[in-house]
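Residue numbers begin at 1 in each chain, while the letters A, B, ... track the order of the sequences.
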There are 2 protein chains.
Amino acid sequence: MQKLLVWENKLRDKNIRVTSQRIAIIEVLLKEAIPLAAGDIFAKIKNRPELKLSTVYRNLNLLVDERLVRKLNFKGKGTVFELLEDHHQHLICLECGDVKSIQCPLQNYEEELHNDTGYELYDHNIEFYGVCPACKNS
Amino acid sequence: MQKLLVWENKLRDKNIRVTSQRIAIIEVLLKEAIPLAAGDIFAKIKNRPELKLSTVYRNLNLLVDERLVRKLNFKGKGTVFELLEDHHQHLICLECGDVKSIQCPLQNYEEELHNDTGYELYDHNIEFYGVCPACKNS
DNA sequence: GATTAAATGCAAATCATTTGCAGAAAGGAT
DNA sequence: ATCCTTTCTGCAAATGATTTGCATTTAATC
Ligand SMILES: [Mn+2]
Ligand SMILES: [Mn+2]
Ligand SMILES: [Zn+2]
Ligand SMILES: [Zn+2]
């Protein structure tokens with residue numbers, strides 16, 4: 001089954017209407033496969049001059065509320081969005097801005113933190129910052 | 001030695017002038033001891049009506065550049081700042097906004113990540129989100 | 001195809017943050 | 001203590017990102 005159809009069904013499951021604007025946004029996020037700023041998503045939607053930036057924002061916010069999209073903030077890039085699929089974290093090059101997805105190193109840590117603090121844990125987010133091999137050699 | 005004097009010396013060591021505005025900002029961050037938004041810092045500076053919000057921003061940015069202050073972004077709070085002292089991470093209650101400092105669970109992980117990716121690691125940041133015991137019982 | 005709630009386009013508003021410039025203050029030298 | 005140079009601040013205005021109100025359009029249901 002195509003990825004886009006999977007996402008259309010996720011919308012239907014949450015009673016969110018499948019609009020062409022929503023699909024266009026999800027298509028960009030699927031194709032790029034890295035976290036993108038709202039403005040970048042907007043810029044990558046070609047041949048839809050009537051699709052407005054405010055629509056991009058409204059949809060991203062809705063999808064974040066429905067836990068279909070993750071909203072992040074990266075040093076140097078500001079607020080970015082990615083489709084919420086498998087749990088993973090990010091490694092960001094401070095020179096070229098490259099973003100690498102990495103396995104989350106804290107798979108089992110929330111239980112320990114719960115025992116230590118009494119907090120009910122829901123989520124965590126990690127950013128690693130460094131310089132990628134390509135940038136190091138230049 | 002008083003904490004404030006330590007910070008004045010940190011400024012001198014970096015050739016940053018010790019101005020009364022800078023001191024006022026650092027005093028707020030020292031006293032509150034949790035990450036604060038620029039606007040919150042500004043609001044907590046009493047009896048200095050001439051001290052402007054733009055000055056708060058300019059100084060926070062300078063202190064971030066000089067690695068004396070850490071700039072973070074917390075879900076629900078936006079951009080916040082804290083004095084950079086010991087390496088630690090944060091646990092945030094999504095109900096009441098309470099922020100707890102916690103020991104960093106990734107003390108030795110950067111080496112492993114370097115070996116896996118070739119990246120030169122400089123820094124990392126973790127946020128844990130949950131609900132605190134007080135909010136859970138209410 | 002008609003009905004209704006939800007979504008969009010559009011323009012304007014809001015909020016956070018930055019900037020230009022003229023005057024004030026800090027730190028070093030005399 | 002005064003002078004000098006550079007940095008810093010106040011102030012007001014600009015910018016950039018994000019949100020909002022409202023009239024119109026559209027998706028989903030019947
Ligand atoms: Mn990712
Ligand atoms: Mn802290
Ligand atoms: Zn790079
Ligand atoms: Zn709480």
Just grab all the side-chain hydrogen bond (donor to acceptor under 3.5 Å, both in side chains) pairs involving [range], residues at least two apart or on different chains.
{"range": "residues 26-37 of chain A", "answer": "none"}
{"range": "residues 38-47 of chain A", "answer": "none"}
{"range": "residues 103-113 of chain A", "answer": "Glu110(A)-His124(A)"}

Expressed as a whole number of angstroms, how long is the span from [X]:[atom1] to [N]:[atom2]?
{"X": "Leu60(A)", "N": "dA17(D)", "atom1": "CG", "atom2": "P", "answer": "15 Å"}
{"X": "Leu62(B)", "N": "dT19(C)", "atom1": "CG", "atom2": "P", "answer": "14 Å"}
{"X": "Asn59(A)", "N": "dA6(C)", "atom1": "CG", "atom2": "P", "answer": "15 Å"}
{"X": "Gln21(A)", "N": "dT25(D)", "atom1": "CD", "atom2": "P", "answer": "14 Å"}
{"X": "Leu51(A)", "N": "dT24(D)", "atom1": "CG", "atom2": "P", "answer": "20 Å"}
{"X": "Ile41(A)", "N": "dA17(D)", "atom1": "CD1", "atom2": "P", "answer": "14 Å"}
{"X": "Glu50(B)", "N": "dG23(C)", "atom1": "CD", "atom2": "C1'", "answer": "15 Å"}
{"X": "Asn73(B)", "N": "dT18(D)", "atom1": "CG", "atom2": "C1'", "answer": "14 Å"}

With sequence neighbours left out, the residues meeting side-chain hydrogen bond (donor to acceptor under 3.5 Å, both in side chains) with Arg48(B) are Ser20(B), Glu50(B)

Please list each protein N or O that sits under 3.5 Å from an N or O in nucleotides 27-29 of chain C, with the distance.
{"residue": "dG27(C)", "atom": "OP1", "partner": "Val18(B)", "partner atom": "N", "Å": "3.0"}

Would you find more than 12 non-hydrogen atoms of other residues, nucleotides or ligands less than 6.0 Å from Lys136(B) atom NZ?
yes

Residue set satisfying salt bridge (Lys or Arg N to Asp or Glu O under 4.0 Å) with Glu85(B), at least two apart, ordered chain then number -> none

Residues which pass salt bridge (Lys or Arg N to Asp or Glu O under 4.0 Å) with Arg70(B), listed by chain and number, not counting sequence neighbours:
Glu82(B)

So which pairs with a foot in residues 9-22 of chain A pass salt bridge (Lys or Arg N to Asp or Glu O under 4.0 Å), sequence neighbours left out?
Glu8(A)-Arg12(A)

Pairs involving residues 122-133 of chain A, ordered by first then second residue, that meet salt bridge (Lys or Arg N to Asp or Glu O under 4.0 Å) (sequence neighbours left out):
Asp123(A)-Lys75(B)

For nucleotides 11-18 of chain C, give me one character per nucleotide, 5' to 3': B if any protein heavy atom sits under 4.0 Å from the base, S if the only such contacts are to the sugar-phosphate, - if neither.
B----SBB

Pairs involving residues 49-82 of chain A, ordered by first then second residue, that meet ring pair (Phe, Tyr, Trp, His ring centres under 6.0 Å) (sequence neighbours left out)
Phe74(A)-His90(A)

The helix from dG1(C)-dC30(D) to dT30(C)-dA1(D): angle between end helix axes, five pairs per end, rounded to 10 degrees:
40°

Can you confirm whether Thr79(B) sits close enough to Asn73(B) that some side-chain heavy atom of one is under 4.5 Å from a side-chain heavy atom of the other?
yes

